[in-house]
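Sequence lines set the chain letters: A, B, ... in the order given, protein chains first and strands last, and positions in each chain run from 1.
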Amino acid sequence: MLEKKIDFVKVSEGKYDFWLKEKFFSTHVKNKPPFSIVLPPPNITGKLHLGHALDTVLSDIIIRYKQANGFDTVWIPGMDHAGIATQTKLIDFLKTKGINWRLLGRKKFLEEAWEWKKTYADIIRSQWKLLGLSLDYSQERFTLDEDLNRCVNKVFVNLYNKNLIYRGERIINWDITLKTALSDVEVLYKKEKGNLYYFKYFLDGTKIFLPVATTRPETIFGDTAIVVNPNDKRYKKYIGQYCLNPINNKKLIIIGDKYVDINFGSGVLKCTPAHDKNDFELSIKNKLDKINIMNEDGTMNENAAFCEGLDRNLCRKKVVHFLKKNNFLLKIEKITHQVAYSERSDTVIEPRLSKQWFVKMKELAKKVIDLQNSDNKIIFFPNMFSKKLLEWAKNVNDWCISRQLWWGHQIPVYYKRNTNDFIVCELPPKDLENYYQDEDVLDTWFSSSLWPFTSLHWPKNDYYYDRYFPTSLLVTGYDLIFFWIFRMIVQSLEHTKKPPFLGCLIHGLIRDQNNRKMSKSMGNGVDPVDVINKYGIDSLRYFLSANSTPGLDISFQEQKIIAGFNFLNKIWNSARYVLNIIGSDFCEQEIIFENLSTIDKYVISMLQKTIQKMTVNNDKYRFHISLHALYSFVYDDFCSFYLETSKINRDNETTKQVLFFILKNIVFLIYPFCPFIAEELYQNMPHSKKSIMQEDYPKYQADLVLKKSVSDVLLIKEIIKDIRNIKTTNKIQPNHPVNIDIYTTEKLFDGFLECLSHFVFAKNVQVFKDKYQRADNDKKIVLQYAKISLSVDLQIDKDNVKKMLIKNLEEINKSIQRSEKLLNNKKFLEKADKQKVIEEKTKYSEKILTRTKILARINEIK
RNA sequence: GGGCAUUUAGUUCAAUGGUAGAACGCUUGUUUAACAAGCAAGAGGCCAGUGGUUCGAUUCCACUAGUGCCCACCA
């Protein structure tokens with residue numbers, strides 16, 4: 001016997017271990033079509049948050065749904081070493097223990113990192129379990145595993161040999177805290193108020209000066225030229241002459257370049273090639289010197305003269321102070337500008353000239369564009385993200401992949417000692433004593449970008465790779481399109497000649513109830529574990545699937561979780577009732593549709609429509625629609641109506657069969673979304689398989705749908721509602737018995753009268769074949785429908801009856817007006833769908849009939 | 001500057017080329033033999049604005065306005 005209320009702790013207990021023990025997640029059947037997903041590997045930096053819960057739960061629903069639909073599914077789990085993120089966290093962690101990571105040394109540090117990985121991997125696995133994910137653990141991978149390292153090296157060598165990887169001295173984004181280069185996507189821009197300083201740069205040997213504007217005065221030591229627009233009337237005459245750098249009197253050539261915006265600032269640009277990307281480009285074009293003035297940690301180096309050793313911010317102050325004192329400062333303008341910050345350390349990025357490894361992206365991106373413009377394109381759900389991807393691919397820059405970190409894939413490049421020679425190879429050279437390996441590691445996204453094929457055993461062309469690659473679907477958030485999705489497609493096309501996945505389901509972010517992004521710094525994050533402890537995993541899963549629209553953000557609201565729990569509790573209790581009614585000796589029999597009563601047919605019809613709607617939308621990953629259909633079926637058709645009518649004759653064997661049939665289908669339909677409750681109910685009801693995981697998903701059966709039964713039953717639902725309404729508005733007890741006379745020439749469906757008496761406590765129901773005659777008492781209510789009239793003996797005040805009738809009349813008049821407008825429109829009759837026209841005409845005549853009856857009734861009442 | 005999305009009930013969100021739905025909240029009633037985290041009834045929306053396509057537009061298209069996001073970035 002089931003509990004009155006779901007005890008989700010009890011329900012969830014042991015299920016996951018049972019599924020694991022039965023190997024349901026890791027058994028693969030060759031004779032079924034394959035369906036594969038690789039899990040976006042979570043970072044080993046902490047616990048999983050709601051965002052992870054969202055995309056893993058969506059994936060799990062899909063995997064379970066596909067498996068129940070006859071696919072051989074596989075879902076590959078794994079985790080990401082998350083180079084920079086993990087290293088940052090580990091450094092902080094070591095610091096709390098009083099350990100300086102640099103002093104610890106690379107080897108010891110990496111040992112600590114692997115320990116860290118072990119700890120967090122266990123936490124993550126326990127959360128996967130909590131979420132109920134049907135992952136094939138036999139295939140679990142870690143992005144820094146040895147075999148994956150070999151893949152990374154192979155890819156690196158491939159790209160290098162194709163001349164798609166190069167080493168070069170470029171301006172990169174330098175993180176002074178972590179002392180590493182970053183790629184462009186790891187930089188965040190924040191709008192900030194700042195100063196725009198105007199300095200005087202005097203022309204050599206004159207008292208004429210050019211006003212030069214800068215937001216970063218400290219870079220003045222690195223100036224190697226002054227640039228003006230060659231079309232700028234104010235300054236073009238000075239091109240070719242020299243200015244003096246006010247800080248050190250160094251001669252700076254004045255050059256002309258159209259890059260300079262005449263209207264911005266003063267129209268004069270100081271060129272600092274080693275500390276600005278655009279200035280660097282200018283310096284290449286114009287063969288200018290590049291002076292590096294800063295150390296790796298953001299302090300000034302020997303080129304900064306009297307500022308040597310100062311932090312960049314202090315240097316800025318000192319430079320401004322110096323120039324002001326010596327009368328070189330023209331003015332300071334307050335401006336709002338975008339300042340680049342490191343995504344990881346949240347310190348201001350320093351553009352810095354540095355020798356790094358890069359991937360040439362233009363050529364690779366072209367293949368992505370070609371793919372998405374072909375018939376074999378990856379299908380995005382929703383489709384608009386395909387456009388976003390293309391936009392990105394068209395504007396992509398070279399990808400800086402080297403990081404000055406320890407935790408990651410060390411770059412497979414070996415330099416010959418005491419020379420400039422190096423070799424690029426998958427395995428270390430044999431005479432290693434003559435070589436040393438590049439100290440740097442690769443951007444963590446480099447190995448992530450290989451994930452779909454390396455996790456499926458590439459480059460081994462084995463069974464797994466052959467069968468499951470390309471993967472069927474990728475499920476992830478839109479925030480990862482550029483970091484990850486794009487790069488995966490690039491790498492996959494290059495190395496496997498195939499796309500990494502055939503479809504891509506994109507979801508949004510989970511926001512808090514005030515629609516703010518959830519973030520640690522704001523402290524508004526919600527821990528999925530808390531939600532699970534409070535409402536159970538299935539309530540969370542229901543929330544995540546029923547409230548998310550592909551591609552759009554979700555606002556997290558506890559009341560929605562509660563609503564989900566209530567829905568599941570509803571199913572639970574209906575099951576409790578059904579199981580109680582059918583009894584322990586119940587034996588399932590095949591239902592013969594033709595022999596059923598109208599109401600039985602109705603509920604089965606509605607079930608079929610629900611199955612149809614759910615199947616269509618599940619296939620498009622539109623779970624919110626699919627679950628909405630199930631929700632209204634469960635509440636409106638099953639619980640409120642059928643289950644109630646079934647109480648009329650509980651002992652009827654056919655009713656029991658239908659009740660069970662419906663319940664069973666509801667449990668199967670909800671299973672992919674809420675597997676724990678579904679399994680619990682399955683185990684508690686008559687069943688033939690070991691687990692619900694072995695059952696098939698319900699299939700739509702057109703032969704179980706009857707059109708007429710629907711409209712008949714809808715009528716009685718309407719009648720019930722009206723009578724209840726009258727009772728409520730007239731303050732009559734709901735269970736107050738009423739006498740009802742029915743006037744109709746139509747044949748009432750079987751069960752009609754029983755329904756009426758059950759739902760509205762009708763007594764002495766009499767049916768008259770003749771047309772309705774004036775009731776002998778004006779206080780009786782008469783309800784008018786097109787083919788049926790009801791005289792309901794409720795002894796209500798005459799005025800109230802009249803009021804009610806007038807309200808009805810107004811409603812029907814409105815509706816008639818609409819129909820007349822439509823039917824008087826010749827063009828509508830000509831051009832509209834013929835079925836639609838017939839429908840409209842039928843409705844119209846029914847409405848007219850009803851109106852006539854209501855009018856007559858109003859006239860009767862004096 | 002370029003691009004994308006979004007605007008629907010008090011709130012959070014759906015759906016839809018043919019009289020707009022849910023949840024929560026609100027009002028009223030109800031302990032009617034599964035469920036009071038229940039049941040029943042009800043109030044509440046000219047679907048942002050203006051045009052266009054259409055027999056018909058909340059839905060498709062264009063423009064405008066508000067909101068949000070992404071990319072680029074000016075020294």
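- A:Lys5 comes within 4.0 angstrom of a nucleotide base, judged by non-hydrogen atoms across all strands.
- A salt bridge is defined here as a Lys NZ or Arg NE, NH1 or NH2 lying under 4.0 Å from an Asp or Glu carboxylate O, and A:Arg216 with A:Glu350 meets this definition.
- Note on A:Lys721: only backbone sugar-phosphate atoms sit closer than 4.0 angstrom, heavy atoms only; bases stay farther off.
- By the 4.0 Å N-to-carboxylate-O rule, A:Glu644 lies close enough to A:Lys647 to be salt-bridged with it.
- In terms of polar N and O atoms assigned as donor or acceptor, the side chain of A:Lys570 never comes within less than 3.5 Å of the base of B:A37 in a complementary pairing.
- At a threshold of 4.0 angstrom between heavy atoms, the contacts of A:Thr214 are confined to the sugar-phosphate backbone, with no base atom among them.
- At a threshold of 4.0 angstrom between heavy atoms, the contacts of A:Asn515 are confined to the sugar-phosphate backbone, with no base atom among them.
- Between the CG atom of A:Asn725 and the P atom of B:A41 there is a distance of 8 Å, given to the nearest Å.
- No engagement by A:Cys271 is indicated, since no non-hydrogen atom pair under 4.0 Å with the nucleic acid exists.
- Among the atoms of the strands shown, only primed sugar atoms or phosphate atoms (P, OP1, OP2) are found under 4.0 Å from some heavy atom of A:Arg622.
- Taking the six-membered ring wherever Trp is involved, the centroid distance between the rings of A:Phe641 and A:Phe759 falls below 6.0 Å.
- More than 12 heavy atoms of other shown residues, nucleotides or ligands fall within 6.0 angstrom of atom NZ in A:Lys362.
- Comment: A:Lys717 engages A:Asp637 in a salt bridge, judged by a side-chain N to carboxylate O separation of less than 4.0 angstrom.
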Let's test your reading of the pairing rules: Watson-Crick or G-U wobble, both distances under 3.5 Å, then write RNA chain B as a dot-bracket string with ( ), [ ], | and dots. (((((((..((((....[..)))).(((((.......))))).....(((((..]....))))))))))))....
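- Geometrically, A:Lys331 engages A:Tyr198 in a cation-pi contact, judged by NZ or CZ lying under 6.0 Å from the ring centre and within 45° of the ring axis.
- Across all strands shown, A:Ser266 has no heavy atoms under 4.0 Å from either base or sugar-phosphate atoms.
- Among the atoms of the strands shown, none is found under 4.0 Å from any heavy atom of A:Leu829.
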Can you check salt bridge (charged side-chain N to carboxylate O under 4.0 Å, His left out) on A:Glu846 and A:Arg851, steps first, answer last? CA-CA 9 Å; A:Glu846 281 180 2; A:Arg851 180 171 69 177; over 6 Å; no
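- Distances shorter than 4.0 Å separate none of the side-chain N or O atoms of A:Gln557 from OP1 or OP2 on B:C13.
- In this structure, A:Leu568 atom CG and B:C35 atom P are separated by 18 Å, rounded to whole Å.
- As rounded to whole Å, 11 Å separates atom P of B:G3 from atom NZ of A:Lys387.
- Residue contacts shown for A:Glu811 are absent, as no nucleic acid heavy atom lies under 4.0 Å away.
- As judged by a 4.0 angstrom heavy-atom cut-off over every strand, A:Val260 is placed among the base-contacting residues.
- A:Tyr635 comes within 4.0 angstrom of the backbone, heavy atoms only, and of no base.
- Only one option out of A:Tyr631, A:Phe673, A:Phe567 pairs with A:Tyr542 in a ring pair (Phe, Tyr, Trp, His ring centres under 6.0 Å); it is A:Phe567.
- The aromatic ring centres of A:Phe660 and A:Phe586 sit less than 6.0 Å apart.
- Phosphate contact (OP1/OP2 of B:G29, side-chain N/O of A:Thr728, threshold under 4.0 Å): absent.
- Rounded to a whole angstrom, the distance from the P atom of B:G68 to that of B:C60 is 24 Å.
- In this structure, A:Glu839 reaches neither bases nor backbone, as no heavy-atom distance under 4.0 Å exists between it and the strands shown.
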All N/O contacts under 3.5 Å from nucleotides 19-26 of chain B to the protein, with atom names and distances to one decimal?
| unit_1 | atom_1 | unit_2 | atom_2 | d |
| --- | --- | --- | --- | --- |
| B:U19 | OP2 | A:Arg818 | NE | 3.1 |
| B:U19 | OP2 | A:Arg818 | NH2 | 2.7 |
| B:U19 | O4 | A:Ser815 | OG | 3.0 |
| B:C24 | O4' | A:Gln559 | OE1 | 3.4 |
| B:C24 | O2' | A:Gln559 | OE1 | 3.3 |
| B:C24 | O2' | A:Gln559 | NE2 | 3.2 |

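- Note on A:Lys10 versus A:Glu3: salt bridge recorded, some NZ/NE/NH1/NH2 to OD/OE distance being below 4.0 Å.
- A salt bridge is absent between A:Glu839 and A:Lys834: the closest approach of a Lys/Arg side-chain nitrogen to an acidic carboxylate oxygen does not fall below 4.0 angstrom.
- Distances shorter than 4.0 Å separate some side-chain N or O of A:Asn278 from OP1 or OP2 on B:C74.
- Across the protein-nucleic acid pair, A:Ile732 atom CD1 and B:G42 atom C1' stand 16 Å apart, rounded to whole Å.
- Atom CZ in A:Phe565 sits roughly 10 Å away from atom P in B:G38 (whole-Å rounding).
- Between A:Tyr621 and A:Phe623, the two ring planes are perpendicular [angle over 60°; tilted spans 30° to 60°].
- Classification of the A:Phe556-A:Phe543 ring pair by plane angle, with boundaries at 30° and 60°, yields perpendicular.
- The CG atom of A:Leu643 sits 12 Å away from the P atom of B:A40 (whole-angstrom rounding).
- At a threshold of 4.0 angstrom between heavy atoms, the contacts of A:Lys831 include nucleobase atoms, whether or not backbone atoms are also involved.
- Contact annotation for A:Thr729: no contact, since no heavy-atom pair falls under 4.0 Å across all strands.
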B/S/- along nucleotides 66-72 of chain B (protein heavy atoms under 4.0 Å) is ----SSB
